[in-house]
Structures are given as structure tokens and as C-alpha cells.
Amino acid sequence: MLIEKYDLEVFTPPCEPGAERFSAIARLVTDISPVLPYLNATLRGAVYTQSANVLTWKKGGHNLAFHAYEIATSNVEDREAAIKELDGLIDLVNRTWERRAEITPDHTTRQRPTAMAVYKLLPGTNCRQCGQPSCWNFALKLVASQVALAACPPLGEPAYAERLAALEALLVPMPAIGSREKARGNG
Ligand code: SF4
């Protein structure tokens with residue numbers, strides 16, 4: 001296990017006094033730099049900057065950042081959710097590290113796909129079967145990792161097979177953040 005202990009801090013950003021959104025930081029005693037290329041290879045939409053030794057990722061509207069000795073999340077709705085999310089991220093790091101022999105590390109800096117690039121590949125019929133008011137709204141949620149491609153039934157039709165393949169290539173699959181065994185130290 002790469003991360004066995006960490007200190008957890010949850011706070012409301014000082015620039016937003018009274019805001020109902022929370023940020024949280026897990027301060028680590030272990031340098032997790034070696035796992036960043038493996039996370040870069042597996043997390044959809046992650047942006048890894050090797051020179052700065054940082055990987056950022058957006059998930060569910062939350063901004064996440066992995067540094068050598070720190071993992072941070074922001075824009076979380078409540079304190080408990082922030083703690084739970086960081087627990088999940090610690091678990092993600094540990095599971096990715098344990099699986100590293102199966103993963104080809106990626107040291108490149110990928111550009112996050114834009115909503116427009118994704119939108120252009122969607123059927124464009126605004127049929128609302130995905131539960132969104134339009135294909136554009138669905139594209140926005142796709143790039144924020146808030147929905148899955150499978151939520152758009154028309155993409156499963158043969159006529160859209162090429163577009164689906166292009167979307168799958170653009171939106172590299174990411175592993176789910178699952179629950180983890182409690183291994184938090186001082187947090
Ligand atoms: S189900 Fe697909 S085609 Fe229909 S609105 Fe949603 S994204 Fe567009």
C-alpha cells in the first residue's frame with residue numbers, strides 16, 4: 001500500500017466566506033509522485049504536468065489535484081462528502097499503485113477534451129432520452145465525467161458506430177472510485 005497514513009483537513013475557502021462548498025486536503029507522509037503517470041494513463045480527462053509533478057482531474061464537478069505529498073478536492077457540497085471523496089481518492093491511488101504492473105505509465109500531458117469536440121460527435125437530435133435537455137448539455141456532463149456514454153441510447157445504433165468509437169477514444173475509460181478499507185492515520 002502506497003499511502004498508509006495521512007492528515008485530513010476540510011475547510012471553506014477563505015475567498016468564499018459563508019460559501020456552502022467545501023475543500024479538503026489530505027497531507028501525506030509518502031511521496032506519491034511515482035503513481036502519477038499510472039493515474040494519467042487510467043483517468044479520463046486527467047491532465048498531468050510532469051515538470052510540476054502534479055496531476056489534475058475533474059470528477060462530478062469537483063476539481064481534484066494530486067501532488068507529491070498532497071491530494072486535494074474542492075467544490076464539494078458538504079464536509080462529509082469531502083471526507084468521503086478523499087477517502088475514495090486515497091483508495092484509488094493505492095489500487096492504481098498495486099495494479100501498476102498491468103498499466104503502461106503515461107508521462108505525456110494530454111489535453112482535456114472540450115465539450116464542443118464531444119458535442120460534434122453526438123447524434124445532435126436533442127431527443128432527451130439521456131435525461132438531458134439537449135445533446136450540448138449531455139456533452140458538458142460527459143467532459144465533467146458526470147454521465148456515461150451509455151446513457152445516450154441512439155449512440156448504440158449502427159448508424160452511429162463510428163461516432164461512438166471516436167467518442168470512446170476521446171473519453172478514455174476511467175476506473176470507478178470505490179469504497180476503501182479505512183486506513184486513515186491521523187485524519
Ligand atoms: S440521448 Fe443522445 S441524442 Fe438524445 S439528447 Fe441525449 S445526447 Fe442527444
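Read the numbers this way: they start at 1 and go in the same order the structure lists the ligands and their atoms.
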### Task
Output yes when R95 and E98 qualify as a salt bridge under the 4.0 Å nitrogen-oxygen rule, no when they do not.
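Salt bridge absent between R95 and E98.
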### Query
To the nearest 0.5 Å, how far apart are NE2 in H62 and CD in E85?
5.5 Å
### Query
Within less than 2.8 Å of atom 8 (Fe) of ligand 1, how many protein N/O/S atoms are there?
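Atoms of protein N, O or S type lying less than 2.8 Å from atom 8 (Fe) of ligand 1 total 1.
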### Message
Surrounding CD of E157 (heavy atoms of other residues, nucleotides or ligands, distance under 6.0 Å), is the total greater than 12?
### Response
yes
### Query
Looking just at side-chain N and O atoms, do S134 and N126 make a donor-acceptor pair shorter than 3.5 Å?
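No, because no side-chain N or O of S134 sits under 3.5 Å from a partner of the opposite role on N126.
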### Message
Y69 and side-chain contact (heavy atoms from CB on, under 4.5 Å): which single residue from V29, T30, D31 fits?
### Response
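Filter result, single survivor: D31.
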## Note on the structure
Of L55, V35, V47, the one forming a side-chain contact (heavy atoms from CB on, under 4.5 Å) with N40 is L55
